[in-house]
Amino acid sequence: MTFGKGCHLHLIDGSAFIFRAYHALPPLTRKSDGLPIGAVAGFCNMLQRYIDGNNGSDAATHVAVIFDYSGKSFRNDLYDQYKANRPPAPEDLVPQFPLTREATRAFNIACEEIEGYEADDIIATLAHQARDAGGRVTIVSSDKDLMQLVGDGVEMLDPMKNKRIDREGVMEKFGVGPERVVDVQALAGDSVDNVPGAPGIGVKTAALLINEYGSLEELLDRAEEIKQPKRRQTLIEKRDQIEMSKKLVQLDCHMELDFTLDDLEVRDPDPEVLMHFLAEMEFRTLTKRIADQIGVEPPAIKDTDPRGAEPGEADTPEELPFKPEDYECVRDAAALAGWIAQARERGYVAVDTETTGLDEMRADLVGISLCIEPGKACYIPLAHKDGADDLFGSDNLAEGQMPLDEALDLLKPVLEDESVLKIGQNMKYDAKIFARYGVDVAPIDDTMLMSYAMNAGLHGHGMDTLSERYLGHTPIPIKSLLGSGKSQITFDRVPVDDAVKYAAEDADITLRLWQLFKPQLHQTRVTTVYETLERPLVPVLARMEMDGIKVDRDTLSRMSNAFAQKMAGFEAELYELAGHEFNVQSPAQVGAILFEEMGLEGGKKTKTGQWSTPADVLEDLATEHDFAARVLDYRQLQKLKSTYTDALQDHIHPETGRVHTSYLQSGANTGRLSSNDPNLQNIPVRSEEGRRIREAFVADEGKVLLSLDYSQIELRILAEIAGIDALKQAFKDGLDIHAMTASEMFDVPLGEMTPEIRRRAKAINFGVIYGISAFGLARNLRIPRAEAQDFITRYFERFPGIRTYMDETKEFAKEHGFVKTLFGRKINTPEITAKGPRAGFAQRAAINAPIQGTAADVIRRAMIRMPAAIEGLPAKMLLQVHDELLFEVDADRAEDVIARAREVMESAAAPAVHLSVPLTVDAGQGANWAEAH
DNA sequence: TGATTCACG
DNA sequence: GACGTACGTGAATCAG
């Protein structure tokens, strides 16, 4: 058939398919020889799904998969830095590139690439040819660089979201029509492709300018007319760079091709060729499925393992499509009872709650969703309001909801049933909500924590990330229901029909992730980490967060006023010194005064071209210049006031009078917790003035606060892991470890130790934990770099085990792509193979992770055991600050609690790990945190 | 939204 | 030989 009117050309962006397939699947290998083939498997799966969907009136008559030619393109001749930021393709992906070409040909689809050009140029040329011939074109890609081609019968199809992008779609994305997209891109640049553009101008501003002036050329010619001085200057000065950027983003639609549109006609695959290829790749499930589909016998696949299929074999999981319309809305007890019966029958159910907000202490329950098996999910609306559209909303409950109490009465037995596993994504949230309604959810599994145990360091563990990555599915965005900004509504105002699709989908995704992750935990050898360090911590943290800590508003308020007064004084003094008013809070303005108006030397600029004025620079200037000293004074108070005395008051819960932080269990790659809303892990302590903020953290009447903290835990763990006998002995003997290090290094007897020498040794000890470098140590101690290097050399001579540990850890990370704590926690280090400055970062992080991570594991173990240890005592564990636990206890039982808690903390490593170094815990008590610490 | 600064371990 | 760096977090603020 000659290509012409009535024809429909599909152009598939092959590279996008490959990368998506690579990231969507675990790193599968071919069983017989270990060849990595995960991306090929995913690629074939996607091609097959594409073919399945290509029917009906909109079907393609012609199709091609277009690839990038490896190596440089003509754009590198225009600009040698083009795409220079791109990291090299992952090692195990490289051998799969040619295989994806083979796969395309096996499916009998035209497969094109041309040396010196990018796939986008070929796509552009073909799209133009097809349009000129009177046909339609669909570009299967989500690459924004291709949007310039849209219009006049050319559309894009985003395969991730299954969304078509037409003129309006382009307008939405770029603020201009397709014909002006390159102009906007030329101005905005692209950090991913390293297209420079015009510095300081983003897509929004670019669109504004292009719309005002009509075109890039017009804009550049009339740049003098622009009112904003900075913008005008940029456009005039960077004209060449902008024009070059346009050449970089402009696709070439007039390439010489050695094939024609007619060569791209859709053809059926040759079953024999296709089967042979799939069998060669040893795809078992996929081969069988496609064989069934085209009605042939699947070929035998050689099986080198006589035991047959193993988990993790080269195969793709069956994918069931998401069908929001199939989710059930549960409106009465009978329907709910049916779902509960199914959950009991299976012994597990995915659960998700919908509420009026993100703060579990304040949000109210709006509905509950359940999922029994992939695709089979329901939503139980409980507190939706009607009249979501009217301005003030309505307090009337929407029709067709069962009473909340009735639903909870039915659900409570199964949610608390030991024999039914409740699966959630971030279950701590849901468990806290349920707890406020009198339901103690247990036992649980948590897909967020499963991902964290397996994939810490590789990516985030939020549901959207996991769904896209592992299910190839983009969940309905919550913003599409709630809106954003000022007009944002709460979930109870969402119409029930919309809520069903969103909420049930979340439970559905959670269940699918769980099914995928459960076997992977074993394969990645982190089941023990998940079951002993992650899952059991959930109820412990939930309890601590719900208990909260009492904070005295009056104390904070008084301090706030005092700070404000002092700051006003500093401010006046600064204006005086500068000779004019300025914004003290603006580093740029402070820098301009110091380094321009006052003409001081040594100022550095940040990468954005502003003056940089961090505290250490100001400290050096402060001895000579009052101005720098006052800025430091001002900044300290500003920090204390805004972040602590002011913000903290807003976090006091109106009913409990206490502050309820939230711990994030999967936030820090090393296994540490983090604390937010508010962060109670960074309450000031180092400065005298700041420490007084801790006086506002108080014990309830008749009680005291206890603080127990591990002494030097990271150094002890370093001594243990690196096997440094001298350090270990020093800890056993209870010596001052920094003084002892100093004595060893500088040959000073302990009796003659000076604070200065000890300080240096202490800095080195900490430096070692961080993956020491001469530069870092020099900066910290403010000594010449050569001197710092001498210290390090001497340190390594005295403690040779340290260097061995560092070298071996780096080697291990390079070989495996992760490092481990003593308890088996994995911290992935994907950047370890990077080149350039990033290599250093990755290496130091890899050295630090086992030390910081093991310490984090130890205190987690202590926390998990603590509730049982203080059972029966009138005590609560309230806060964790990495190496410190804070308790609140009846004053007369403080000593009992200290004894038990200390015992738990000091023996927390056992029996899983025997430490040859003792862990010791210091304890304090008082009416407030300042006294207890 | 990203950069800068600074609080903690 | 130059490059550019101490490890891990969260929050407030400026600037665009």
Side-chain angles (χ1 to χ4, degrees), chain A residues 191 199-205 228 230-231 234 456-457 583-591 605-618 631-632 635-644 646-648 651 661-664 667-687 689-691 693-694 709-710 712-714 718 763-764 766-781 785 788 792 827 835-853 855-856 859 879-884 933:
Chain A
S191 56
I201 294 185
V203 171
K204 281 271 160 61
T205 314
Q228 297 88 340
K230 199 145 198 196
R231 224 175 255 177
T234 305
N583 185 351
V584 187
Q585 302 197 65
S586 163
Q589 291 183 36
V590 168
K605 293 203 173 177
T606 66
K607 57 186 158 190
T608 52
Q610 305 279 15
W611 288 111
S612 171
T613 58
D616 54 346
V617 171
L618 296 185
V631 171
L632 283 170
R635 275 196 191 163
Q636 192 200 2
L637 294 187
Q638 160 67 19
K639 178 81 180 181
L640 295 177
K641 182 171 188 296
S642 68
T643 310
Y644 300 105
D646 286 350
L648 219 39
H651 283 285
T661 183
S662 181
Y663 288 101
L664 183 62
N669 291 337
T670 52
R672 273 195 179 179
L673 303 178
S674 74
S675 156
N676 58 42
D677 296 303
N679 183 354
L680 295 187
Q681 290 182 323
N682 70 346
I683 303 302
V685 69
R686 292 175 189 169
S687 78
E689 208 138 39
R691 185 155 54 236
I693 289 172
R694 295 188 174 218
D709 69 290
Y710 283 106
Q712 306 286 9
I713 186 169
E714 292 194 348
L718 171 69
I764 298 171
F766 277 107
V768 166
I769 291 172
Y770 298 150
I772 200 159
S773 76
F775 185 94
L777 184 64
R779 203 176 65 167
N780 190 289
L781 285 177
R785 207 161 123 187
I792 294 170
I827 297 111
K835 295 274 173 283
R838 291 196 307 181
F841 275 115
Q843 288 174 8
R844 291 192 295 273
I847 290 165
N848 172 260
I851 303 167
Q852 190 183 114
I859 197 167
L879 300 180
Q880 187 250 41
V881 193
H882 309 309
D883 63 0
E884 172 188 7
H933 189 79

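Throughout, protein chains are lettered first and strands after them, A, B, ... in sequence-line order, and every chain is numbered starting at 1. Here the structure is a predicted model, which is why all the values come from computation and not from measurement.
- Backbone-only engagement by A:Phe841 is indicated by non-hydrogen atom pairs under 4.0 Å involving sugar-phosphate atoms exclusively.
- Under the rule for a side-chain hydrogen bond (donor to acceptor under 3.5 Å, both in side chains), A:Gln843 has no partner lying at least two apart in sequence or in another chain.
- Here A:Arg779 pairs with A:Phe775 under the side chain to side chain contact (heavy atoms under 4.5 Å, CB included) rule; sequence neighbours left out.
- In this structure, A:Ile769 reaches neither bases nor backbone, as no heavy-atom distance under 4.0 Å exists between it and the strands shown.
- Using a 4.0 Å heavy-atom cutoff across all strands shown, A:Ser773 reaches at least one base atom of the nucleic acid.
- Residue A:Arg785 is in base contact, counting any heavy-atom pair closer than 4.0 Å across all strands shown.
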Secondary structure of DNA chain C per the Watson-Crick/G-U criterion (both distances under 3.5 Å; [ ] crossing, | other strand, . unpaired) is ......|||||||||.
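- The separation of C:dA6 from B:dT5, taken at their P atoms, amounts to 13 Å, rounded to a whole angstrom.
- C:dA2 sits 35 Å from B:dA7 when the C1' atoms are compared, rounded to a whole Å.
- Relative to the side chain of A:Leu664, the nucleotides C:dG10, B:dT5, B:dG9 differ in distance, and C:dG10 lies closest.
- OP1 or OP2 of C:dC7 sits under 4.0 Å from a side-chain N or O of A:Arg844.
- Rounded to whole Å, the P atom of C:dC3 lies 27 Å from the corresponding atom of B:dC6.
- Residues forming a salt bridge (charged side-chain N to carboxylate O under 4.0 Å, His left out) with A:Lys639 (at least two apart in sequence, or on another chain): none.
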Anything under 3.5 Å between a protein N or O and an N or O of nucleotides 14-16 of chain C, put it in a table, one pair a line.
from, atom 1, to, atom 2, distance (Å)
C:dC14, OP1, A:Asn583, ND2, 3.4
C:dA15, OP1, A:Ser586, OG, 2.5
C:dG16, OP1, A:Lys230, NZ, 3.2
C:dG16, O3', A:Gly200, O, 3.3

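- At a threshold of 4.0 angstrom between heavy atoms, the contacts of A:Gly667 are confined to the sugar-phosphate backbone, with no base atom among them.
- Counting any heavy atom pair closer than 4.0 Å across all strands shown, A:Tyr644 reaches sugar-phosphate atoms only and no base atom.
- Closest contact between the side chain of A:Thr613 and the listed nucleotides B:dC8, B:dC6, B:dT5 involves B:dT5.
- Residue A:Glu884 is classed as having no contact, given no heavy-atom separation below 4.0 Å to the nucleic acid.
- Across all strands, A:Arg686 comes closer than 4.0 Å to base atoms (heavy-atom distances).
- Residues from residues 674-682 of chain A lying near DNA chain B, meaning a heavy-atom separation below 4.0 Å, are A:Gln681, A:Asn682 in numerical order.
- With distances taken from any side-chain atom of A:Thr643 to the nucleotides B:dT4, B:dG9, C:dA12, the minimum falls on C:dA12.
- Dashed line: the shortest gap from a side-chain N or O of A:Thr606 to OP1 or OP2 of B:dA3 is not under 4.0 Å.
- Residue-level contact check: A:Thr205 touches neither bases nor backbone, having no heavy atom under 4.0 Å from any strand.
- Counting any heavy atom pair closer than 4.0 Å across all strands shown, A:Ala856 reaches no nucleic acid atom.
- In this model, the phosphate group of C:dA6 is approached by a side-chain N or O of A:Arg779 to a distance below 4.0 Å at OP1 or OP2.
- Each of B:dG9, C:dA12, B:dT5 was ranked by its minimum atom distance to the side chain of A:Asp883; first place goes to B:dG9.
- In this view, A:Arg694 satisfies the side-chain hydrogen bond (donor to acceptor under 3.5 Å, both in side chains) rule with no residue, not counting sequence neighbours.
- Residue A:Ala763 is classed as a base contact, given a heavy-atom separation below 4.0 Å to a base.
- Under the side chain to side chain contact (heavy atoms under 4.5 Å, CB included) criterion, A:Pro614 pairs with A:Ser612, A:Asp616, A:Val617, not counting sequence neighbours.
- As judged by a 4.0 angstrom heavy-atom cut-off over every strand, A:Ile683 is placed among residues touching the sugar-phosphate backbone only.
- Under the rule for a side chain to side chain contact (heavy atoms under 4.5 Å, CB included), the partners of A:Ile792 that lie at least two apart in sequence or sit in another chain are A:Ile772, A:Ala774, A:Leu777, A:Gln789, A:Phe796.
- With rounding to the nearest 0.5 Å, the separation of CG in A:Leu640 from CD in A:Glu689 is 7.0 Å.
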Distance-only check: which donor-acceptor pairs under 3.5 Å involve side-chain atoms of residues 845-853 of chain A, not counting sequence neighbours?
from, atom 1, to, atom 2, distance (Å)
A:Asn848, OD1, A:Gln852, NE2, 3.3
A:Asn848, ND2, A:Ile769, O, 3.0
A:Gln852, OE1, A:Thr670, OG1, 2.7

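- When the side chain to side chain contact (heavy atoms under 4.5 Å, CB included) test is applied to A:Gln638, the partners found at least two apart in sequence or on another chain are A:Met567, A:Gln585, A:Tyr634, A:Ser642.
- Each salt bridge (Lys or Arg N to Asp or Glu O under 4.0 Å) pair with one or both residues in residues 667-680 of chain A, not counting sequence neighbours, appears once here: A:Arg672-A:Glu714.
- To the nearest 0.5 Å, the span separating NE2 on A:His882 from CD1 on A:Ile859 amounts to 9.5 Å.
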